[in-house]
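Ligands are counted one by one from 1 in listed order, and the atoms in each one are counted from 1 as well.
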Amino acid sequence: MRTVYVNGEYLPENEAKISIFDRGFLMADGVYEVTSVLDGKLIDFDGHAKRLERSLDELDMPRPDALPDLLDVHRELVRLNGIEEGMIYLQITRGAPDDRDFAFPDPETTKPTVVLFTQNKPGLADNPTAKKGIKVISIADQRWARRDIKTVQLLYPSMGKMMAKAAGADDAWMVEDGAVTEGTSNNAYIVKGNTIITRNLGNEILHGITRAAVLRFAREAQMQVEERSFTIAEAQEADEAFITSASTFVMPVVDIDGASIGTGTPGPIAARLREIYLDESRKLAV
Ligand code: PDD
């Protein structure tokens, strides 16, 4: 039984309760972050905390009183649940007014709801899937136009994962106006020669915290990085492909819509980036 955090209290998971009027539940009026834990420490915590504040600001959502203590709350949950490797999920919603209403409630009387829980994943860093890579399919990107805000509106990405599963694949890359935006819960990359290519930042994709770190480490290691759009056809012709996220770190992609990428096995650049990312972010973990 996990200990979770709800609005200032640490509770057994089966005692934690949220109102049926919570706007996260009724309107998907909430934002979230997923931070990974390695060696019992938080990876890229500052990046996640900054993006969370940006998401709140973009949605004009009041900052919860608990915001300055979030690092302590993360650490306390890691400690209480004895997490060595895994994730911490955090969600903030606009809170629970007295009734359902499209208009935002008065922030003076309706305080944000803050929930955090741990996900224990022993072997997260040593994931055997990284040795064989994953298969992706392409699907249309039918999400809303502000994907840079990390909201809990995850129905279409969930449907995308199910479409991938039905097709015998592991995930889906979403395509808009002929170009890949991102994976259902990760950023997408291809490698041509020594150049790493990934979509430029904008409202069309989530500004991945893992993406920022991986691109920084890649540049520090003198690798070439191009931030631009690419098509599925270009990806299928690439030497390598991979994804990044807080829960998968760097994960090779070996098949796109049934076409093998490169040799059909994880490529050296993805493998190297995974190693660098894990090594360097472990050193910076808090
Ligand atoms: N997803 N793009 C999308 C649509 C995402 O949902 C995520 C993360 C990313 C990668 O961002 P980061 O590197 O900051 O994790 C990109 C998380 C892990 C999730 O929903 O579980």
Side-chain angles (χ1 to χ4, degrees), residues 24 28 30-38 42-55 58 74 85-92 115-121 124-125 127 129-130 134 136 138-164 170-176 179-189 196 198-218 227 229 241-251 253 270 273-274 276-278 280-281 284-285:
V31 299
Y32 77 109
E33 283 295 331
V34 175
T35 304
S36 55
V37 178
L38 293 177
L42 301 157
I43 301 296
D44 279 331
F45 180 80
D46 278 352
H48 290 285
K50 286 204 180 82
R51 185 174 61 192
L52 174 67
E53 294 197 32
R54 180 179 180 275
S55 295
E58 291 296 312
H74 278 73
E85 288 197 11
M87 277 105 72
I88 305 206
Y89 178 87
L90 167 156
Q91 178 170 328
I92 298 176
V115 169
L116 286 92
F117 57 81
T118 53
Q119 295 184 286
N120 192 29
K121 303 267 180 196
L124 187 66
N127 187 348
T129 308
I134 61 164
V136 304
S138 62
I139 60 172
D141 197 335
Q142 295 182 352
R143 298 173 298 165
W144 80 327
R146 289 303 307 276
R147 303 153 193 159
D148 57 309
I149 309 172
K150 198 163 171 63
T151 75
V152 296
Q153 305 177 66
L154 296 176
L155 182 54
Y156 190 68
S158 290
M159 291 168 72
K161 291 260 195 227
M162 296 312 290
M163 290 183 234
D170 304 291
D171 202 359
W173 279 9
M174 294 176 282
V175 175
E176 184 173 63
V180 174
T181 52
E182 58 187 333
T184 58
S185 60
N186 43 68
N187 290 116
Y189 306 72
I196 299 157
T198 193
R199 192 176 175 114
N200 45 300
L201 297 180
N203 294 349
E204 302 77 24
I205 63 167
L206 186 73
H207 302 188
I209 301 306
T210 320
R211 176 191 184 280
V214 164
L215 294 188
R216 189 173 72 244
F217 297 142
E227 294 179 65
S229 298
F242 63 92
I243 57 168
T244 66
S245 75
S247 50
T248 60
F249 310 118
V250 177
M251 181 62 70
V253 169
L273 284 174
R274 182 178 177 91
I276 299 178
Y277 178 77
L278 287 171
E280 295 302 315
S281 54
L284 300 169

Exercise. Is there a donor-acceptor pair under 3.5 Å between the side chain of T118 and the backbone N or O of I88?
Worked result: no
Exercise. Can you check whether L206's main-chain N or O pairs, donor with acceptor, with R147's side chain at less than 3.5 Å?
Worked result: no
Problem set entry | For atom 15 (O) of ligand 1, the protein heavy atom that lies nearest, with its residue and separation | A246 N, 2.8 Å
For this session: Identify, for atom 19 (C) of ligand 1, the protein heavy atom at the shortest distance, and state residue, atom and that distance.
Result: Y32 OH, 3.7 Å
For this session: Identify the protein heavy atom lying closest to atom 21 (O) of ligand 1, giving its residue, its atom name and the separation to 0.1 Å.
Result: V34 CG2, 3.6 Å
For this session: Check for a donor-acceptor pair, side chain of T184 on one end and backbone N or O of K161 on the other, with a separation under 3.5 Å.
Result: no
For this session: Please report which non-hydrogen protein atom sits nearest to atom 8 (C) of ligand 1, along with the residue it belongs to and the distance in Å to one decimal place.
Result: K150 NZ, 3.3 Å
For this session: Indicate yes or no: does an N/O atom of T244 lie under 3.5 Å from an N/O atom of ligand 1?
Result: no
Exercise. Is there a donor-acceptor pair under 3.5 Å between the side chain of S245 and the backbone N or O of S247?
Worked result: yes
For this session: Taking the side chain as every heavy atom from C-beta outward, state whether L124 and M87 have any atom pair closer than 4.5 Å.
Result: yes
For this session: Compute the minimum heavy-atom distance from T184 to ligand 1 and say whether it is under 4.0 Å.
Result: yes
Seminar exercise, completed: The closest protein heavy-atom partner of atom 11 (O) of ligand 1 is G208 CA, 3.5 Å
Problem set entry | R143: numbered ligand 1 atoms lying under 4.0 Å from its heavy atoms | 4 (C)
Exercise. Which of the numbered atoms in ligand 1 are below 4.0 angstrom from a heavy atom of H48?
Worked result: 14 (O)
Exercise. Are E182 and R211 close enough for a salt bridge, meaning some N to O gap below 4.0 Å?
Worked result: no
Exercise. What protein heavy atom is closest to atom 13 (O) of ligand 1, reported as residue, atom name and distance in Å?
Worked result: T210 OG1, 2.6 Å
Problem set entry | Where ligand 1 meets S247 - atom numbers and elements under 4.0 angstrom, heavy-atom basis | 18 (C)
Problem set entry | Flag, side chain of T210 to backbone of A246, donor-acceptor distance under 3.5 Å | yes
Exercise. Heavy-atom contact under 4.0 Å between R51 and ligand 1?
Worked result: yes
For this session: Ignoring hydrogens and angles, tell me if any N or O in the side chain of H207 forms a donor-acceptor pair with the backbone of I149 under 3.5 Å.
Result: no
For this session: Report the nearest protein non-hydrogen atom to atom 6 (O) of ligand 1: residue, atom name, distance rounded to 0.1 Å.
Result: S185 CA, 3.4 Å
Problem set entry | D141 side chain to R143 backbone, donor-acceptor under 3.5 Å | yes
Exercise. Hey, which atoms in ligand 1 end up nearer than 4.0 Å to a heavy atom of N187?
Worked result: 10 (C), 16 (C)
For this session: Examine distances only and state if a side-chain atom of R274 and a backbone atom of F249 form a donor-acceptor pair shorter than 3.5 Å.
Result: no
For this session: For atom 2 (N) of ligand 1, find the nearest protein heavy atom and state the residue, atom name and distance (0.1 Å precision).
Result: E182 OE1, 2.6 Å
